[in-house]
Amino acid sequence: MKIASKYLPGQVEKNWYQKWMDNNAFGSVPDNRESYTIVIPPPNVTGVLHMGHMLNNTIQDVLVRRARMKGFNACWVPGTDHASIATEAKVVQKLRKEGIKKSDLTREDFLKHAWDWTDKHGGIILEQLKNIGASCDWQRTAFTMDAKRTESVLKVFVDLYEKGYIYRGQRMVHWDPEAKTSLSDEEVLHKDVDAELFYVNYEIVEKPGKFLTIATSRPETIMADRAIAINPKDERYSHLHGMNVRIPLNNIEIPIILDEYVALDFGTGCLKVTPAHDWNDYAIGEKHGLEVIDVFNENGTLNKHGLEWNGLDRFEARQKIAESLNDSGFLSKVEKYKSSIGTSERTGAVVEPRLSLQWWVNMQDLAKPALSAIKDNEIRLIPDKFKNTYAHWMNNIKDWCISRQLWWGHQIPAYFYGGDDQFVVALGPEEALVKAREATGNNQLSLSDLRRDEDCLDTWFSSWIWPISVFDGINNPNNKDLNYYYPTQDLVTAPEILFFWVARMIMAGYEFTNVKPFENVYLTGIVRDKKGRKMSKSLGNSPDPLELINKYGADGVRMGMLLSSPAGNDLPFDEDLCLQGRNFSNKIWNALRLIDGWEVDESIEAGDAEKWAINWFGEVLSQTLEDLNSDFEKYRLSEALMRIYKLIWNDFCSWYLELVKPAYGEPIAKDVFDQTKYFFDSIMKILHPFMPFITEEVWHLLSPEPDNKFINNEDWPNARVNSRVYLEQFTHVEELITALRTFRKEKNIAFKQGLDLRIKNDLPEGIAAVKKLTNVASISSEWLDTGSPILAGAREYQIILDDSIADISDEEKLNIEKEVSYLLGFIASIEKKLSNPNFVNNAPSQVVDLENKKIGDAQSKLKVLKSRLN
RNA sequence: GGGCAAUUAGCUCAGUUGGUUUAGAGCAUCGCCUUGACAGGGCGGGGGUCACAGGUUCGAAUCCUGUAUUGCCCA
């Protein structure tokens, strides 16, 4: 068969994925093998594949494929997340473009639009995962808002409510004026910005004409001021204790109060207290019994308290009000200063503190087992540097605000039969009615008297039970799948969602199943561009993974990503790495072409060089397999891949194949050929988790297997030998070969011209290999004074040359002199060490012996080099 | 502002409890070679006072202290 000289991944990859699908190659059902499970971090249902997914899912695929070959019943569960706020924002935006306002729609109509959108765009990302080779069990695909998952979420809500963890409370929350919803603490990102500090004068009521100056960054909220606070220790203001001031613009009188919280050195030392619009002011307000006046509407515009600025956006109002204060003489100055503001993780809007009635989960007790699980290594974090951060967060955990003023999500299963505190929590309306009748004692109550809570749940309230709910373990505890696949083994995700998701899954795992949800958490880094910037749509610096796949093949891109992604470290992505991956595919392809072209002759015997090569490579392979086990144990995937890369490119292609390769036109001995195929087969298996497509293709071409048998179902190769005899011999073989190659180069001797090699001592092991790779024509131990000396390691050789080229050139001389001076320096440094009595007396004897050996070796080298110069 | 981590070759990273030659790998770079697997190749080089300053030790990239820079988390 004639195989193309270049490997073209496009069609090969499509063909194999189709065959894998046709044969349900990744399907898993419980059997008597041990299970290995990964649940996918569900991407947003309407999302498209970006580089972060590419990295994350490639890692999962490597782990799953390897587990499959290691004999586990491996199951990778795919699925998507409804992504409440993100999806709702997208749908609102899309409707706006069509001229439809969300506020004009009923909940039902809006949800219909949202489902249409989901049906249209949903699942695209799962199809894209197939392009990268993801070996998911597609029959288990789940969605956080499908029937089973929805039922699970409601059950969990009811359960936690009945246990007393969930409560309703009027509290300060983070408010996103763009999405018009509350947010959890975790959904708020803090950013440093350049802001302005406005110095505003408030007239002192008891001293007309006298003013008190306060510094504020938010003049638009002054109408809601309910006090001016000063530190009781602040002597500058002690004469004002007990007095009042008048708010500019609305002339309302408010008291001057004393509170230790006020910093003496910030601004003027006077703080305007606006309980409705600042977390700290709220606390001060509660302490001093101040009224809470909210000047904003839910979309961040000013309301009726905003006087003439009623209806104006908060930022515009800030400028206008500052101007107005200035015009009326109340503004004394404006200063620039650095400030930190909270923004919504999803919409980017600046969040407002807002007092409102929300649903909360008390986290104190849930956090306890989750904290000790990580602390006691019952669940491993990889890398473990995140343990501290995790512990810190868990120790300072606050209650979780789970209600969102959104429609796309799981509607809260609470039913009101009266006012805000008259409700029941139930799985459905009928059950709610029973409970409501019980609660009221009114049997006349009907379904139409019940009003379901309008809000829906935080997205993470469905994903925190994901490892359980994908196996339907909430609805059917102890079902066969759950018992078999759960707890799962590895979770692969980004550190950014360690608290959002991972910590909460651990809590949910212990709370709802009494066991941990997974054994290990592998935290990937963030994919960045060459300049170190995070890849994002808005920067336009994120390559499209699918285009990369077109260019380099999925295998090439997978390798590119994995080559430089140690756990927990950011990945500075560089397309050149994919190029390296593509080149590697081509290298493998051409090794196959070489073997494919060999003619086998059963009647010939393997030569010494070939025999030596087979023994040597057998040891290299075994050694690599051992090293790989330890790499995987430590989740050092980049190192594992690099190890395989070097095994294939250097050991297999550059050394082994060159050693067993028959001369042009000559046949190869059958046992050498079979051994070579066996080695090739093994290295394809080892590489398969990383580069699934080319390995599948080559494996099938190497020894035809039926199309419905796949390399991923083969056993992972075992180390066959544990000796290191040939590995040790190789050290000197390599030294000698390199020395001879260098010699040829320096003397400008063509490879075709055979060398006459003289050996001083015994014939080294593996000399046949040296002979073959360096074209040594004759070997003898007859030592001639006229021979050109060669040094390989610490051993001496000679090459006999015609007089015409035997003399050393100036260039050679220069090289030798360089080496001599290096050795002299080296010897001096060791002599210094050895002449130090403290070293000789204190260091262990092996260390001292070693230094003596070093010096001996160096001296004999020096001797040879000097003899060459004469 | 508080906490955590990092700093080793042009780039990305290894370097296990301090001692295996004056620190390794891949990529990049430079030179030479290349009609019988592969220029998407082969061979051979060059390149680092291990961020800086102290300290502990016979011995420090490795341990300690401080400084600087960067990143992440939290407020």
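These numbers come from a predicted model, not from an experiment. In what follows, every chain begins at residue 1, and chains take the letters A, B, ... in the order their sequences are listed.
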Could you go through nucleotides 56-60 of chain B and list every protein N or O atom that sits under 3.5 Å from one of its N or O atoms, giving the distance for each pair?
from	atom 1	to	atom 2	distance (Å)
B/C58	O2'	A/Asn836	ND2	3.0

What is the distance, to the nearest angstrom, from the [atom1] atom on [X] to the [atom2] atom on [N]?
X	N	atom1	atom2	value
A/Glu639	B/C13	CD	P	13 Å
A/Asp631	B/U16	CG	C1'	13 Å
A/Asn388	B/G3	CG	P	13 Å
A/Ile694	B/A37	CD1	P	18 Å
A/Lys832	B/U21	NZ	C1'	16 Å
A/Gln846	B/G18	CD	P	15 Å
A/Leu701	B/A37	CG	P	19 Å
A/Leu736	B/G44	CG	P	13 Å

Tell me every residue that passes salt bridge (charged side-chain N to carboxylate O under 4.0 Å, His left out) with [X], counting only those two or more places apart in sequence or in another chain.
X	value
A/Asp192	none
A/Asp849	none
A/Glu658	A/Lys661
A/Glu610	A/Lys772

Using the [atom1] atom as the reference point in each nucleotide, state the distance between [N] and [M] in Å, no decimals.
N	M	atom1	result
B/G40	B/G46	P	26 Å
B/G59	B/G66	P	23 Å
B/C52	B/U62	P	11 Å
B/G24	B/A14	C1'	7 Å
B/G47	B/A28	C1'	12 Å

Carboxylate-amine/guanidinium contact [X] [Y], below 4.0 Å:
X	Y	value
A/Asp857	A/Lys853	yes
A/Asp399	A/Arg171	yes
A/Asp631	A/Arg643	yes

Give me, pair by pair, the N or O atoms of the protein and of nucleotides 72-75 of chain B that are less than 3.5 Å apart, along with how far apart they are.
none

Scan nucleotides 31-33 of chain B against the protein and return all N/O pairs shorter than 3.5 Å with their distances rounded to 0.1 Å.
from	atom 1	to	atom 2	distance (Å)
B/G31	N2	A/Lys745	NZ	2.4

Provide the Watson-Crick or G-U wobble partner of [N], both distances under 3.5 Å; none if there is no partner.
N	value
B/A68	B/U7
B/A14	none
B/C43	B/G31
B/G48	none
B/G19	B/C58

Select one nucleotide: of [options], the one nearest the side-chain heavy atoms of [X].
X	options	result
A/Asn590	B/U16, B/C13, B/C38	B/C38
A/Lys854	B/G40, B/C38, B/U21	B/U21
A/Arg636	B/G26, B/C38, B/A14	B/A14
A/Asn583	B/A37, B/G40, B/C13	B/G40
A/Ser654	B/C43, B/C38, B/C4	B/C43

Would one find a side-chain N or O of [X] under 4.0 angstrom from OP1 or OP2 of [N]?
X	N	result
A/Arg741	B/G45	no
A/Lys646	B/G26	no
A/Tyr822	B/U21	no
A/Lys587	B/G42	yes
A/Thr738	B/G44	yes

Applying ring-ring contact (aromatic ring centres under 6.0 Å, His included), can you list everything that pairs with A/Phe617, at least two apart in sequence or on another chain?
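So A/Phe617 forms a ring-ring contact (aromatic ring centres under 6.0 Å, His included) with A/Phe652, A/Tyr656, A/Phe679.
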Under 4.5 Å between any side-chain heavy atoms of A/Leu641 and A/Leu637, yes or no?
no
Classify the ring geometry of A/Trp655 against A/Phe730: parallel below 30°, tilted from 30° to 60°, perpendicular beyond 60°.
perpendicular
Which word best sums up how the rings of A/Trp460 and A/Trp501 line up, parallel for under 30°, tilted for 30 to 60°, or perpendicular for over 60°?
tilted
Comparing A/Cys653 with A/Met642, nearest RNA chain B nucleotide closer to 5' gives the residue A/Met642
Nearest nucleotide by nearest heavy atom, which residue falls closer to the 5' end of RNA chain B, A/Thr742 or A/Asn586?
A/Asn586
All side chain to side chain donor-acceptor pair (under 3.5 Å) counterparts of A/Tyr261, not counting sequence neighbours
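Listed in chain order: A/Asn280.
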Got a donor-acceptor pair under 3.5 Å from the side chain of A/Gln580 to the base of B/A28?
no
Within residues 733-744 of chain A or reaching into it, pairs that qualify as salt bridge (charged side-chain N to carboxylate O under 4.0 Å, His left out) - sequence neighbours excluded
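Those involving residues 733-744 of chain A do not exist here.
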Sequence neighbours excluded, every pair satisfying salt bridge (charged side-chain N to carboxylate O under 4.0 Å, His left out) that has a member inside residues 821-833 of chain A
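Found A/Lys833-A/Glu851.
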Could you tell me whether A/Trp649 contacts a base, only the sugar-phosphate backbone, or nothing, with contacts defined as non-hydrogen atoms closer than 4.0 Å?
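The answer is sugar-phosphate, as A/Trp649 gets under 4.0 Å only of primed atoms, P, OP1 or OP2.
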Taking any heavy-atom pair under 4.0 Å as a contact, classify A/Arg744: base, sugar-phosphate, or nothing.
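Here A/Arg744 touches no strand at all.
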What residues, two or more places apart in sequence or in another chain, satisfy side chain to side chain contact (heavy atoms under 4.5 Å, CB included) together with A/Arg346?
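Partners of A/Arg346 under the side chain to side chain contact (heavy atoms under 4.5 Å, CB included) test: A/Asn44, A/Ile85, A/Ala86, A/Ser344.
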